[in-house]
Structures are given as C-alpha cells and as structure tokens.
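Quick notes on the structure that follows.
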There are 2 protein chains.
Amino acid sequence: MANDTKTELLNSAERAARTRGFDGFSYADLSADVGIRKASIHHHFPTKAALSVALMQRYHANLKKACDDIDDQEPTGGGRLAALIDRYRTALDGGKSLCLCVSFSTSRDSLPAEVIVQIRNFRAMMVEWITQVFTLGVTDGSILDVRDPMAEAAAMLSLIEGAQLAARAEENPDLFESAVALMQQRLQ
Amino acid sequence: MANDTKTELLNSAERAARTRGFDGFSYADLSADVGIRKASIHHHFPTKAALSVALMQRYHANLKKACDDIDDQEPTGGGRLAALIDRYRTALDGGKSLCLCVSFSTSRDSLPAEVIVQIRNFRAMMVEWITQVFTLGVTDGSILDVRDPMAEAAAMLSLIEGAQLAARAEENPDLFESAVALMQQRLQ
DNA sequence: GTCTATATGTGGATAGAC
DNA sequence: GTCTATCCACATATAGAC
C-alpha cells in the first residue's frame, strides 16, 4: 500500500515541487522519475491542479503528525521548538529543497483556488501549534525573553521559512544556521 | 531615456517575476503588457536568461540606492531598520508581489549561473548593510536587546523575506505585519 | 492500470523584410 | 527597432487499444 504507483507519483511530485517550484516540473519529469508513461499519470491525477491539491493535503497531514510526534517526544517548549527547527533543517536537504508551502507561495497564480485555502489552513495550523509551544516555554522557563506567544509564533514561522529560502537561494545550508542561530540561543 | 522600450520591458518583467515567479511569465506576457511583438523583445534581451541577469542587476542597484537613501534620511539605527521594513512592506503591494530575490530563489534551477552569483552578492550586500544598522542601533540605543549584530542581520533578512512570503501566500498584507510586529517593538 | 498515438496550445528563439 | 512568419521543443490533456 505504501509503495503503490500513486504514492510514488506523490513522492516524485513533492520532491520536484520543493526543489523547482510548481511551474518547474512537468508530467514528463514524473514519468521519467517514476517509470510510467505520461498518459498513465492522468489516470491517478486527472489534472496538475488535482495533483497540487493532493500534494498539499498529504503535506498538511504529515506536518500535523510531525508536530504531534514532537509533542510526544519533547516535554519542554524549548525542546519542541528546537525539534521544529531541526525538522525544517532536515527538509532543506542541504539547500536543495523547500517547505512545500513556501514553494507554492511563489507560484500562487498557477494554483487552483482550493490550494490557496489549503495553504491558509496549513499556516494557521502551524502558527497555532507554535503559539502553544511558546506558551509552554513561558510556563516551564525553557524559552527566554518571550513577550507575546502569538506574535512570537508568527515571527518564528516567517523566520524559518525565510531561512530555508536563503539557504535554497545559494544552495548553502550554512545560511539556514546563521538565520536561526539567535532563536536557538533562546532555547534551553 | 527613462521611458524607452527597454526600460518598459524591464518594468513589466520585474512586476511579472515578482508576482508569478520566473517560470510564471513569458515573452508573450511582456508583449501584451508593453505593446510590442514577442520577436521584438529578443532585440533588447536575446534570451530570457539575459533578461533575468539584467533584472537582478537593476534590482541590486535599486536596493543599494534605497539603503543609501535611508542612511541619508534616518540618523538612528532604529529609524533605519524601520525604514527598511517599510520598504519591504511597500514592495509587497498588498500581498501581490515579492522581493525579486525571494521570487528567484524558488526558481533557482531555471536561472543561469550568473544570476545565482548575483543573488549571493545581493544578499551579502543586504546583510552587511543591516549589520551596520544593528551596530549603530547598539551605539545610539535605538534598537533594544541586540546580542550580536551579524546574527541579528541574518535573522532580520530571513524574517522580512519570510514575512513577505507569508503575506503573498494568502495575498494578505496583515500577515506581514504580524510577522514583523515583535521586531518593530524593539525599535525606538 | 498502463500503453500508443494524438490533439492543441504555448514556450523561447530565429530569419529576413521593412 | 519593429514587424510577419515560422521553427521546434515541450506543456497539459484525451481517445481508445490491450
């Protein structure tokens, strides 16, 4: 079930979208990557718009689960925020890949309206989770100098997305580290 | 000299690239926008790669000048940083447009090697300038809680670029404000 | 579910007249 | 410097056989 064609197509498409953007890959690329003909892809995803919806849906679910897993494994606010930063660091893949949400944002006008809604929901979910993490960090003293958890959360998400973008621009993961260094120093 | 065809093409291309990404516009779009035929555009910019180089070159010069102007007009570090944030806020155009550097970063693989170098130079220039602003802000006391000016600068650039991206994702400038609110509170 | 074959549009780019 | 006309590659998508 995990390695069926549909899943392989989603994997290939997500990799492509995150490295080259939504307008930067085609069904021909997926065809070459997965090893089936272009026309066969349409059987699984009738249009590229439908594919983009499926991508965002799976991405949202995956990140939600990642946040839940972090909650299970890290007891402190600081530990949870550090784990989130690490997740984005890993997703960068050495400066070759972006968060799908970041990648889709620049291609906004090429995407169906449904994906725009999905992007809004994704960001709302992330900001809400990060806000709770900051709130916990105040309570347990594991994050320094927290003024306003909600404002911190909005800034935090922009910071790590911007840090990914900087690293992607030069394909240099050091730029991600430079951008998040100050924030990491606040985590105990 | 300011409104010749070449400049109009650059203006149209920059607007297009910043709203739809480098892969999101074509010579046909520029043709319709500027009012000359596709083939005529090739007289001014033989290839799209050459056009992208010209765009980044002009963008770099424009931002350099903007920073110089801010230096002239704002005496304090806090004032200068606030002016930079305002520049990025204005560039957002209500959530429709990104910094060219941000837009190009996601299309990295479609761009000529020369542009990648230009992006690196652009970011280096910006980080250097912001670092000096933070240093001044420590001296004159106009920016609160500055730990390390260089680290602050890297984080600052990622923050405002990420904030633009968030606002662009939902075409909602409020998200830019939410992301930069905490930073603005540190400016006197 | 995958294939071949094809339709139809658009991409960047060139040749040569004016 | 701009035009018409054209090239070729590639995009998404469909029809119908196996």
Side-chain angles (χ1 to χ4, degrees), chain A residues 1-56 103-104 106-116, chain B residues 1-57 100 103-104 106-116:
Chain A
M1 204 60 146
N3 263 25
D4 59 338
T5 304
K6 192 161 188 168
T7 304
E8 281 183 43
L9 283 169
L10 282 172
N11 294 344
S12 177
E14 182 176 325
R15 219 176 310 122
R18 287 172 50 186
T19 53
R20 303 193 296 275
F22 183 71
D23 294 324
F25 78 94
S26 68
Y27 273 36
D29 297 326
L30 305 184
S31 168
D33 193 29
V34 172
I36 69 172
R37 294 291 177 167
K38 279 197 302 175
S40 309
I41 303 176
H42 286 277
H43 172 75
H44 301 281
F45 303 101
T47 65
K48 205 182 173 188
L51 173 58
S52 70
V53 170
L55 280 176
M56 257 323 277
S103 170
F104 273 8
T106 51
S107 318
R108 193 180 191 281
D109 289 0
S110 306
L111 295 163
E114 192 174 349
V115 170
I116 307 304
Chain B
M1 203 62 144
N3 263 23
D4 58 338
T5 305
K6 192 161 190 170
T7 304
E8 281 183 44
L9 284 168
L10 282 171
N11 293 346
S12 177
E14 182 176 326
R15 218 176 309 123
R18 288 172 50 185
T19 52
R20 303 193 297 277
F22 183 71
D23 295 323
F25 78 95
S26 69
Y27 274 35
D29 296 326
L30 305 184
S31 168
D33 193 26
V34 172
I36 68 172
R37 293 294 177 165
K38 274 201 306 173
S40 309
I41 304 177
H42 287 276
H43 171 75
H44 299 282
F45 303 103
T47 65
K48 204 181 175 189
L51 172 60
S52 71
V53 170
L55 280 176
M56 259 319 280
Q57 189 177 354
L100 188 64
S103 170
F104 273 7
T106 51
S107 318
R108 193 181 191 282
D109 290 359
S110 307
L111 295 163
E114 191 173 348
V115 169
I116 308 303

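Every value quoted in this text rests on a predicted model; they were computed, and no experiment measured them. Hydrogens, waters and symmetry mates are skipped; everything else that's a heavy atom, side chains included, is used.
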Starting at atom [atom1] of [X], determine the distance to atom [atom2] of [N], rounded to an integer number of angstrom.
X: B/Phe25; N: C/dG12; atom1: CZ; atom2: C1'; value: 12 Å
X: A/Arg20; N: D/dA11; atom1: CZ; atom2: P; value: 10 Å
X: A/Ile41; N: D/dT14; atom1: CD1; atom2: P; value: 14 Å
X: B/Arg37; N: C/dC18; atom1: CZ; atom2: P; value: 18 Å
X: A/Glu8; N: C/dG1; atom1: CD; atom2: P; value: 14 Å
X: B/Leu9; N: D/dT2; atom1: CG; atom2: C1'; value: 12 Å
X: A/Leu30; N: C/dT2; atom1: CG; atom2: C1'; value: 16 Å

Item to check | Residue-phosphate contact under 4.0 Å: B/Thr5 side-chain N/O, D/dT2 OP1/OP2 | outcome: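 B/Thr5 to D/dT2 OP1/OP2: side-chain N or O found under 4.0 Å.
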Checklist entry - Can you tell me if the side-chain N/O atoms of A/Thr47 get under 4.0 Å from OP1 or OP2 in D/dT12? => result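 So the side chain of A/Thr47 is outside the cut-off, no N or O lying under 4.0 Å from OP1 or OP2 of D/dT12.
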I'd like to check [X] versus [Y] (side-chain heavy atoms, cut-off strictly below 4.5 Å). Are they in contact?
X: A/Val34; Y: A/Ile41; value: no
X: A/His42; Y: A/Tyr27; value: yes
X: A/Arg15; Y: A/Asp33; value: yes

Checklist entry - What are the two closest non-hydrogen atoms of B/Ser52 and B/Phe104, and how far apart are they? => result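 For B/Ser52 and B/Phe104, the tightest heavy-atom pair comes out as O-CE2, 3.9 Å.
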Any idea which of [options] is nearest the [X] side chain?
X: B/Lys48; options: C/dT2, C/dG12, D/dT14; answer: C/dG12
X: A/Lys38; options: C/dA13, C/dA15, D/dT12; answer: D/dT12
X: B/His43; options: D/dA5, D/dT14, D/dT2; answer: D/dT2
X: A/His42; options: C/dT14, D/dT14, C/dT2; answer: D/dT14
X: B/Ser26; options: C/dT4, C/dT2, C/dG12; answer: C/dG12
X: B/Tyr27; options: D/dT12, C/dG12, D/dC3; answer: C/dG12
X: B/His44; options: C/dA15, D/dG1, C/dT4; answer: D/dG1
X: A/Ile36; options: D/dT4, C/dC3, D/dT2; answer: C/dC3

Checklist entry - Contact class for A/Ser40 vs. all strands (heavy atom < 4.0 Å): base, sugar-phosphate, or nothing? => result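 Base, at least one base atom sits under 4.0 Å.
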Checklist entry - With a 4.0 Å cut-off on heavy atoms, is B/Phe45 in touch with a base, just the backbone sugar-phosphate, or nothing at all? => result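 No contact.
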Item to check | Straight-line distance of A/Asp23 CG to A/Leu111 CG, nearest 0.5 Å | outcome: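 Separation between the atoms: 7.5 Å.
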